[in-house]
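Numbering of ligands and ligand atoms starts at 1, following listing order.
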Amino acid sequence: MPTIDVPARLADIRARLDAAVARRNPSIAADAPEVRLIGVSKRQPLAKLEAAHAAGLRDFGENYAQELRDKQRDWAPAGDDAPRWHYIGALQSNKLKYLVGKTTLIHTVDRPELLTAIDRRAHAAGVVQDVLIEVAIAGEAQKAGVAPAALPDLLAACERAEHGSVRCLGLMIIPPAGTPEDTRCWFQALRELRDDLRGRFPGTGEAPRVLLRELSMGMSSDFEVAIAEGATLVRVGTAIFGPRN
Ligand SMILES: *Cc1c(COP(=O)(O)O)cnc(C)c1O
């Protein structure tokens with residue numbers, strides 16, 4: 001096994017990320033927050049997460065709830081150094097106990113039952129849980145994600161959640177496989193969808209429960225294209241950590 005130089009790879013990805021941000025059409029990101037790099041660390045050993053953390057990475061993405069729990073148990077830098085955990089895997093109600101109140105952001109909410117269950121658990125834990133809505137942008141029926149046409153109702157359900165303990169910060173996609181240029185149209189479509197929804201969900205007022213600020217899109221192969229199209233969160237795994245176990 002060749003050893004993977006995680007700090008060098010991370011530095012390279014950061015340089016490419018900064019360059020993509022600098023090249024981006026300013027009108028696309030007029031009100032966007034900075035682009036945040038999430039290191040997708042699923043099926044990677046803790047030593048690699050620690051190496052990235054020592055090089056300044058704080059955001060980590062995981063796909064498996066129990067793996068996330070185990071990593072949190074075995075590795076818990078505190079205070080300002082605490083990792084921010086993002087859950088980017090398939091979501092089932094019976095996994096929420098590992099996630100609510102234990103993650104910065106759950107990226108993959110796609111149905112009202114999940115919102116209700118997250119709201120209830122977050123309320124019981126005395127926290128507000130931030131989430132994104134995963135959108136099946138290409139209309140692939142077999143894939144996770146809400147159909148674009150059903151998105152307004154799902155956001156309305158978030159606004160109405162009984163305890164007000166779940167907050168939606170934006171949208172996420174896993175587009176169909178293809179070259180980065182093939183994928184551009186899906187990134188663009190998600191941004192346009194978000195822009196359209198802002199009319200109905202402006203995110204103004206005190207403590208809005210729907211605030212369409214974040215676009216979680218782009219992975220190792222296409223994060224620069226995603227940034228050009230308005231991504232605010234990119235999820236980069238193998239390009240930082242190397243092949244997964
Ligand atoms: C695994 C995964 C990634 C990272 O993929 P890489 O190609 O390794 O960068 C990003 N997003 C999701 C949802 C994933 O499951």
Side-chain angles (χ1 to χ4, degrees), residues 1-2 4-17 20 35-46 48-49 51-52 55 57-71 83-92 95 98-99 103-111 114 130-138 140 142-146 169-184 186-187 189-191 214-245:
M1 270 265 291
I4 304 288
D5 187 343
V6 170
R9 283 170 171 250
L10 183 59
D12 173 60
I13 295 297
R14 282 196 173 120
R16 286 170 56 192
L17 185 152
V35 178
R36 199 188 284 184
L37 176 62
I38 300 171
V40 175
S41 48
K42 63 176 175 225
R43 290 192 272 122
Q44 299 285 1
L46 270 185
K48 285 188 184 171
L49 282 71
L57 189 71
R58 290 293 175 273
D59 291 275
F60 295 86
E62 290 284 336
N63 289 59
Y64 309 101
Q66 279 102 327
E67 181 180 344
L68 171 63
R69 175 203 56 191
D70 292 349
K71 282 177 170 157
R84 292 183 288 265
W85 296 101
H86 297 255
Y87 187 74
I88 62 173
L91 207 51
Q92 289 126 23
K95 300 288 168 61
Y98 302 121
L99 305 175
T103 50
T104 296
L105 191 60
I106 299 173
H107 291 229
T108 46
V109 172
D110 64 356
R111 45 194 192 276
L114 289 170
D130 288 332
V131 304
L132 303 178
I133 306 296
E134 180 176 355
V135 184
I137 196 80
E140 304 150 287
Q142 80 284 8
K143 275 185 66 173
V146 63
L169 294 185
L171 307 177
M172 179 269 205
I173 49 168
I174 306 172
T179 68
E181 281 310 318
D182 292 340
T183 316
R184 183 184 292 274
W186 305 119
F187 296 147
L190 192 70
R191 169 169 46 84
E214 309 289 349
L215 292 177
S216 170
M217 55 189 197
M219 318 203 297
S220 288
S221 60
D222 54 17
F223 72 92
E224 288 149 305
V225 174
I227 288 171
E229 297 300 335
T232 66
L233 296 164
V234 292
R235 311 179 306 261
V236 178
T238 46
I240 297 174
F241 297 110
R244 287 180 271 273
N245 294 331

Check: Looking only at side chains, do Glu214 and Thr232 share a donor and an acceptor under 3.5 Å apart?
Finding: yes
In this structure, CD1 of Ile106 is separated from NE2 of His86 (nearest 0.5 Å) by 11.5 Å
In ligand 1, the atoms that come under 4.0 Å of a heavy atom of Asn63 are 14 (C), 15 (O)
Logged contact type for Thr238 with ligand 1, heavy-atom cut-off 4.0 Å, is both
re atom 11 (N) of ligand 1, the protein heavy-atom contact at minimum distance is Arg235 NE, 2.9 Å
Minimal heavy-atom distance between Lys143 and Ile174, with the atoms involved, is NZ-O, 2.8 Å
**Donor-acceptor under 3.5 Å (Gln44 side chain, Gly242 main chain)** = yes
message = Just to check, does His107 reach to within less than 4.0 Å of ligand 1 when the distance is taken from its heavy atoms?
response = no
Closest to atom 10 (C) of ligand 1 among protein heavy atoms sits Met219 SD, 3.1 Å
**Request:** Could you tell me whether Lys42 and Glu67 have a side-chain N and a carboxylate O separated by less than 4.0 Å?
**Result:** no
Distance col, row Ser41:OG vs Lys48:NZ, nearest 0.5 angstrom, shows 11.0 Å
Return a yes/no value for Met172: is any of its N or O atoms, backbone included, closer than 3.5 angstrom to an N or O of ligand 1?
no
At under 4.0 Å between heavy atoms, what of Lys42 touches ligand 1? The answer is side chain
shortest atom 9 (O) of ligand 1-to-protein heavy-atom contact is with Ser220 OG, 2.5 Å
Once the angle between the rings of Trp85 and Phe60 is folded into 0 to 90°, is it parallel (under 30°), tilted (30 to 60°) or perpendicular (over 60°)?
-> tilted
In ligand 1, the atoms that come under 4.0 Å of a heavy atom of Val236 are 9 (O)
Looking only at protein heavy atoms, what sits closest to atom 12 (C) of ligand 1 is Ile88 CD1, 3.6 Å
